[in-house]
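I have placed the structure first, in the form of structure tokens, so that the comments after it can refer back to it.
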Amino acid sequence: MTQQRDPVPAPAALAPPPAATTRPEEPAPGRHRRRSYRDRLTAPLPGVRAVTRLAREAGALRPGTEARRDVPLLPCAPAPLPPAGPGVLALTWAGHASWILRIGGLTVLTDPVWSHRILGTPPRVTPVGVPWASLPPVDAVVISHNHYDHLDAPTLRRLPRTTPVLVPAGLGRWFRRRHFTRVHELDWWQGREIGGVTFDFVPAHHWSRRGLLDTCRTLWGGWVLTDPQGRKVHFAGDTGYGHWFTEIGRRHPGIDLTLMPIGAYAPRWWLRDVHCDPEEAVAACADLGARRMAPMHWATFLLSAEPVLEPLTRVRAAWARTGRPREDLWDLPVGGSRTL
């Protein structure tokens, strides 16, 4: 498969990215030379027996014909980005785990994937929520891990190489080899400050691999972004359910909003340890102590076998059972925005 390269905008035409600083209480993030992060796994990776079962159950990771009939009903409502000044916290869902987050006067992209197709998956079933040409200058990018549906090289090639990128431990080399000059490589619980916004790297229940021989060679995780007013957004990245959410909430109390994955969960015997289902996502929001939740990681790429609309119906039902205010579930369409 070949993909056409997009032209790279001239860095000189954009305002210089804000400088990054390390908080005094944190160890200085740097280049990480560990050969493996397997000790960070919270569940064993599938063995030969599980892989053999998956191969035997042909089609187990794709929705069937009946489940795909609802693709035209997937919520998609692209619209212009809302205005967002320095004191406004606004987010827009571009699809999958890609968000445009305006926070503390910065524009931040999470796991940006603007490609129509990624390696090993069918093409998008909904368009990108915001055309690339409609984005304001990007002040920072956060990456959760190196799987192709979260680390998309064709999209990242569109960025000026001076764009600050915040990445998990071990992944900095990937960016430096592509000539990014402001690479901030963090381990769990480390943080950086850029333009008055603090970026803290936090654990997730997942794993990493990009090739045949690099399993768990780089770390994985999520991010807590804190603006100068103290408002906090948690971006979970890609994760299963587990004990880390309670610990994140303890270390970062008062999270205003969590961006939580709700899709790609069937079959459960295969994906339980690495992908939350909708009910687990709602439970994780409670464990975090987050006031609001915005679902993601569904309605974009069909990566697993659940019916395409099921993540939305199940997350709405699970949220209702908690008795929490309906307006605190930000179940946006692709391209939708909300302002805090």
Side-chain angles (χ1 to χ4, degrees), residues 41-46 50 53-54 57 59-64 66-68 70-71 73-75 93 95-99 111 121 125-126 144-145 147 149-150 202-207 220-222 234-249 255 257-290 292-324 326 328-334:
L41 292 169
T42 47
L45 293 176
R53 177 182 173 183
L54 187 70
E57 297 179 7
L61 285 180
R62 294 288 183 269
E66 186 70 25
R68 289 178 55 90
D70 287 334
V71 164
L73 302 178
L74 289 171
W93 189 31
H96 203 53
S98 302
W99 296 86
D111 288 0
T121 71
V125 293
T126 51
S144 64
H145 65 299
H147 288 161
D149 58 323
H150 293 258
V202 296
H205 299 271
H206 206 60
W207 65 302
W220 52 91
H234 170 250
F235 169 63
D238 205 355
T239 183
Y241 179 70
H243 69 280
W244 282 125
F245 295 111
T246 300
E247 180 64 13
I248 294 167
I255 293 172
L257 171 67
T258 179
L259 313 178
M260 187 65 64
I262 65 166
Y265 52 79
R268 281 322 270 150
W269 66 265
W270 177 255
L271 293 169
R272 179 183 304 277
D273 294 326
V274 294
H275 287 167
C276 289
D277 66 22
E279 293 78 15
E280 290 169 337
V282 172
C285 178
D287 294 347
L288 287 164
R292 304 169 185 86
M293 185 178 100
M296 63 174 184
H297 207 266
W298 77 287
T300 309
F301 300 106
L302 302 184
L303 303 178
S304 58
E306 70 270 6
V308 295
L309 282 175
E310 184 181 275
L312 181 62
T313 58
R314 283 177 57 174
V315 79
R316 287 174 172 173
W319 190 267
R321 286 194 294 271
T322 68
R324 302 179 68 169
R326 177 63 179 84
D328 289 342
L329 178 64
W330 290 11
D331 47 346
L332 300 176
V334 175

Exercise. Dump the intermediate steps for side-chain contact (heavy atoms from CB on, under 4.5 Å) on Trp270 and Arg53, then the final yes or no.
Key: CA-CA 9 Å; Trp270 177 255; Arg53 177 182 173 183; over 6 Å; no

Exercise. Run the numbers on Val125 and Thr300 for side-chain contact (heavy atoms from CB on, under 4.5 Å), then give the verdict.
Key: CA-CA 6 Å; Val125 293; Thr300 309; 5.7 Å; no

Practice problem: Apply the test side-chain contact (heavy atoms from CB on, under 4.5 Å) to residues Met260 and Leu288: give CA-CA distance (whole Å), side-chain angles for both, the deciding distance (0.1 Å), then the verdict. | Solution: CA-CA 11 Å; Met260 187 65 64; Leu288 287 164; 3.8 Å; yes

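Counting all heavy atoms, side chain and backbone alike, Pro295 lies closest to Trp99 at O-CZ2, 3.7 Å. Counting all heavy atoms, side chain and backbone alike, Thr258 lies closest to Ile255 at N-CG2, 4.4 Å. Summarising the geometry of Phe301 relative to Thr121, their closest heavy-atom pair is CD2-OG1, 4.2 Å, with the distance given to 0.1 Å. The nearest pair of heavy atoms linking Ala97 to Asp111 is O-CB, 3.8 Å. Of all the heavy atoms in Val308 and Val71, the pair that sits closest is CG2-N, 3.8 Å. Between Gly237 and Pro261, the closest heavy-atom pair is O-CG, 3.8 Å.
Between Asp277 and Ile262, the closest side-chain pair of non-hydrogen atoms is not below 4.5 Å. Side-chain contact between Arg324 and Cys285 is present, with at least one heavy-atom pair separated by less than 4.5 Å. Taking the side chain as every heavy atom from C-beta outward, Val202 and His234 approach each other to under 4.5 Å. Between Trp269 and Leu54, the closest side-chain pair of non-hydrogen atoms falls below 4.5 Å. Contact check for Trp319 versus Asp331: no side-chain heavy atoms found under the 4.5 Å cut-off.
Under the 3.5 Å distance criterion, the side-chain polar atoms of Thr126 are matched with a main-chain donor or acceptor of Ala299. The main-chain N or O of Pro63 is never found under 3.5 Å from a side-chain atom of Glu306 such that the two would form a donor-acceptor pair. Judged by distance alone, the side chain of Glu247 and the main-chain N or O of Trp244 form no donor-acceptor pair under 3.5 Å. A donor-acceptor pair is defined here as one N or O able to donate and one able to accept, closer than 3.5 Å; such a pair exists between the side chain of Arg326 and the backbone of Leu329. Between the side chain of Trp298 and the main chain of Leu312, no donor-acceptor pair closer than 3.5 Å is present.
Counted by atom type alone, Tyr265 and Glu310 present one or more donor-acceptor pairs between their side chains at under 3.5 Å. With 3.5 Å as the limit, one finds no donor-acceptor pair spanning the side chains of Asp238 and Ser144.
Not counting sequence neighbours, the partners of Ser98 by the side chain to side chain contact (heavy atoms under 4.5 Å, CB included) test are Ala94, Val113, Trp114. Scored by the ring pair (Phe, Tyr, Trp, His ring centres under 6.0 Å) test, His150 finds His96, His145, His297 as partners (sequence neighbours excluded). With sequence neighbours excluded, the residues forming a side chain to side chain contact (heavy atoms under 4.5 Å, CB included) with Val274 are His206, Trp207, Leu271, listed by chain and number. Applying the ring pair (Phe, Tyr, Trp, His ring centres under 6.0 Å) criterion to Tyr241, with sequence neighbours excluded, gives no partner residue. Take Thr42 and apply the side-chain hydrogen bond (donor to acceptor under 3.5 Å, both in side chains) test, not counting sequence neighbours, and it matches His205.
Within a 6.0 Å radius of CZ in Arg68, other residues, nucleotides and ligands contribute 12 heavy atoms or fewer.
Every pair tested for salt bridge (Lys or Arg N to Asp or Glu O under 4.0 Å) that includes a residue from residues 293-304 fails, sequence neighbours excluded, so the list is empty.
Met293 pairs in a side chain to side chain contact (heavy atoms under 4.5 Å, CB included) with only one of the listed residues (Val282, Leu257, Leu259), which is Val282.
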